[in-house]
Amino acid sequence: MLSDKNHSDKHDLMNQSIENRKAVWSVIAQIPYGKVATYGQIATLAEIPGHARFVGHLLANLPEDSSLPWHRVVNSGGRITNPNSLAQAARLEDENVSCRDNRVSLKMHHWKL
DNA sequence: TGCCTGACTTACA
DNA sequence: CTGTAAGCCAGGC
């Protein structure tokens with residue numbers, strides 16, 4: 001039926017949205033200790049290329065008790081754009097990832113590439 | 001419904 | 001290196 005198809009489409013879109021979130025979280029969880037990844041690459045690895053901003057949105061709404069290594073995510077230039085850059089920089093330093101002026105060396109610490 | 005904003009990115013001046 | 005512009009997505013008002 002038509003109404004059923006319509007309902008089914010919405011259902012699929014919602015499920016896809018949920019799957020995308022799970023995919024992003026999964027990728028971030030795989031970033032190894034002492035390494036960092038960019039929002040864009042995370043989106044690509046999560047099979048949703050071009051959705052870097054979506055990744056940032058998820059991290060911004062991440063629960064505080066989350067076990068995800070959110071501090072290992074930086075922008076394409078290796079810069080920390082997290083509003084709470086202090087906490088992120090501190091966490092990275094704890095992993096021996098130098099980040100002066102909220103910037104890390106992707107050349108040295110980028111995961112893959 | 002439309003417009004603005006934000007933990008983005010790439011391209012170009 | 002700084003500023004603009006365009007593209008992308010979700011939320012808030």
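To find a chain, count down the sequence lines: A is the first, B the second, and so on, and within it residues start at 1.
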Hey, can you pull the residues of [range] with a non-hydrogen atom under 4.0 angstrom from DNA chain B?
range	answer
residues 104-113 of chain A	none
residues 77-98 of chain A	T81(A), N82(A), P83(A)
residues 49-72 of chain A	A52(A), R53(A), G56(A), L59(A), A60(A), W70(A)
residues 31-46 of chain A	T38(A), Y39(A), G40(A)

Enumerate the salt bridge (charged side-chain N to carboxylate O under 4.0 Å, His left out) contacts for residues 66-93 of chain A, please, sequence neighbours excluded, ordered by first and then second residue.
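The answer is R72(A)-E95(A).
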Between [X] and [Y], which heavy-atom pair has the shortest distance, and what is it?
X	Y	result
K112(A)	H110(A)	O-ND1, 2.9 Å
A87(A)	W70(A)	CB-CH2, 4.2 Å
A52(A)	A43(A)	N-CB, 3.8 Å

[X] [atom1] to [Y] [atom2] distance, which is reported to the nearest 0.5 Å:
X	Y	atom1	atom2	result
N15(A)	N20(A)	CG	CG	11.0 Å
L59(A)	L68(A)	CG	CG	8.0 Å
S76(A)	Q41(A)	OG	CD	11.5 Å
K107(A)	L113(A)	NZ	CG	8.0 Å
W111(A)	T38(A)	CH2	OG1	10.5 Å

Could you note down all residue pairs passing side chain to side chain donor-acceptor pair (under 3.5 Å) where residues 46-58 of chain A supplies at least one of them, sequence neighbours left out?
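Sorted pair list: H57(A)-N61(A).
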Which is the 5'-most and which the 3'-most nucleotide of DNA chain B that has an atom under 4.0 Å from a heavy atom of chain A?
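Counting from the 5' end, contacts occupy dG6(B) to dT10(B).
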Sequence neighbours left out, cut at 3.5 Å: what donor-acceptor pairs do the side chains of residues 22-34 of chain A make with other protein atoms?
unit_1 : atom_1 : unit_2 : atom_2 : d
S26(A) : OG     : Q30(A) : NE2    : 3.4
Q30(A) : NE2    : S26(A) : O      : 3.3
Y33(A) : OH     : D94(A) : O      : 3.3

My understanding is that only residues two or more places apart in sequence, or in another chain, count here; which of them pass side-chain contact (heavy atoms from CB on, under 4.5 Å) with A60(A)?
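Listed in chain order: nothing, the list is empty.
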Using the side-chain contact (heavy atoms from CB on, under 4.5 Å) criterion, which residues pair with T44(A)? Sequence neighbours excluded.
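Checked T44(A) against side-chain contact (heavy atoms from CB on, under 4.5 Å); matches are P49(A).
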Can you get from F54(A) to L62(A) by hopping between Ile, Leu, Val, Met, Phe, Trp and Tyr side chains that sit under 4.5 Å apart?
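They do share one cluster, since a chain of ILVMFWY contacts under 4.5 Å joins F54(A) to L62(A).
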Does a side-chain heavy-atom distance below 4.5 Å link S98(A) with M108(A)?
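They are not in contact (no side-chain heavy atoms under 4.5 Å apart), so the answer is no.
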Any donor-acceptor pair under 3.5 Å from N82(A) side chain to N84(A) backbone:
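Present.
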If you measure from the P atom in dA7(B) to the same atom in dC13(C), how many Å do you get, rounded?
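One P to the other, the span is 16 Å.
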What residues join I80(A) in its hydrophobic cluster, counting side-chain heavy atom gaps under 4.5 Å, either direct or through other members?
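Same cluster as I80(A): V36(A), V74(A), L92(A), V97(A), V104(A), L106(A).
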Counting primed atoms plus P, OP1 and OP2 as sugar-phosphate and everything else as base, spell out the protein contacts along nucleotides 1-6 of chain C at 4.0 Å heavy-atom distance: B, S or - for each nucleotide, 5' to 3'.
------
